[in-house]
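Residue numbers begin at 1 in each chain, while the letters A, B, ... track the order of the sequences.
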Protein chains: 2
Amino acid sequence: MNIGEVAERSGIPPKTIRYYEDIGLVRPQRSGNGYRAFRETDLHKLAFLGRARALGFSIEDCRNLLSLYEDETRESAQVKTIAEEHLSAIDDKIAQLQEMRETLSHLVEACHGDHRPDCPILKDLSGDAESIR
Amino acid sequence: MNIGEVAERSGIPPKTIRYYEDIGLVRPQRSGNGYRAFRETDLHKLAFLGRARALGFSIEDCRNLLSLYEDETRESAQVKTIAEEHLSAIDDKIAQLQEMRETLSHLVEACHGDHRPDCPILKDLSGDAESIR
DNA sequence: AATGGGGCTTCCAGTAACTGGAAGCTCAAG
DNA sequence: CTTGAGCTTCCAGTTACTGGAAGCCCCATT
């Protein structure tokens, strides 16, 4: 398989696949013409990567997950640990975003949003605490 | 004021303040010895930036907010638009993270996490749809 | 006066994970 | 044989900083 077909079938753009090779996540062979020659297992790895990335795992997490994936003697606890840490990172991020959302939506509601210059959003950002809350 | 004091009072590290100068967000004067000489207004702008960044506004958003902040003839609608767009970006991000969280927490729950190699998380990532969901 | 220790300066490089673009080779079709 | 798509490499840019090195500057102490 050439890179185009693999990209098509894995859903990962060619550029990204080349990048993944650069950083050692996949190691396709080469044909005589210098083209990358992907096997089915490469395709599977790329699809695996795509799904793990879609779940927000970092590249380093993916590297570890991939090596666990290929390690028949792995312990599921190792995988679970990575996933749990990622899950709690996601929770933190959600909490942080929700806090932002909270403040910001109050500000947006308080701003009449017309042609006048008076604006509670700017007032709050300028440190004028009495603006909202 | 030297950079150290401004950093202290604005809560923004010196490195970051220098960076903000580089990209034109603040323009402190210089003393004879080459040190940056900050005025109170610079401090206010930096504190403004700190709060806007804490709400997740991008640097470009901050640049726009700052120029609106300094524009006496602004219309609050302009500010509100920026804030609303940011708010909806935050909402999108939260939704995406919650979807990840959902999938991932199911997987984590399904993984026994012991010394055995069998792992629903890897199974799902490998594309074996029957694993969970 | 010399010295020592912060604080300040600039510049370079690195981070995460790609993405765009240029220059150039290869392959299949007409 | 030419054309155009697909492939190659390499370089640069993205976001918003952050770390580190080399080297002034200033103040206090000896």
Report which part of the nucleic acid Tyr20(B) touches: base, sugar-phosphate, or nothing (heavy-atom distance under 4.0 Å, all strands).
sugar-phosphate

Arg30(B) side chain near dC25(D) phosphate (N/O to OP1/OP2, under 4.0 Å):
no

Does dA17(C) have its OP1 or OP2 closer than 4.0 Å to a side-chain nitrogen or oxygen of Thr16(A)?
no

Quick one: label Pro14(B) by what it contacts on the DNA or RNA (base, sugar-phosphate, nothing), any heavy atom closer than 4.0 Å.
nothing

Between Arg36(A) and dT9(D), is there a contact of a side-chain N or O with OP1 or OP2 at under 4.0 Å?
yes

Nearest whole angstrom, please: distance from the P of dC17(D) to the CG of Asp22(B).
12 Å

Please determine if Glu75(A) and Lys80(A) form a salt bridge, counting it only when a charged side-chain N lies under 4.0 Å from a carboxylate O.
no

What does Arg18(B) touch in the nucleic acid at a heavy-atom separation under 4.0 angstrom: a base, only the sugar-phosphate, or nothing?
base

Is atom CD of Glu5(A) surrounded by more than 12 heavy atoms (other residues, nucleotides or ligands) closer than 6.0 Å?
yes

Is a salt bridge present between Arg18(A) and Glu21(A), judged by a nitrogen-to-oxygen distance below 4.0 Å?
no

Among the nucleotides dC7(D), dT19(C), dA16(D), which one has an atom lying closest to any side-chain atom of Tyr19(A)?
dT19(C)

ring-ring contact (aromatic ring centres under 6.0 Å, His included) involving Phe48(B) - partner list, sequence neighbours excluded:
Tyr69(B)

Among dA16(D), dT26(C), dC18(C), which nucleotide sits nearest the side chain of Arg53(B)?
dA16(D)

Between Arg63(B) and dT15(D), does any side-chain N or O lie under 4.0 Å from OP1 or OP2?
no

Take atom OH of Tyr35(A) and atom C1' of dA28(C), then tell me their distance rounded to the nearest Å.
10 Å

5'-most contact on DNA chain D: Asn33(A) or Pro13(B), nearest heavy atom basis?
Asn33(A)

Quick check for you: among dA17(C), dG20(D), dA16(D), whose closest atom lies nearest to any side-chain atom of Lys15(B)?
dG20(D)

Just how far, in rounded Å, is P of dA5(D) from CD1 of Ile3(A)?
18 Å

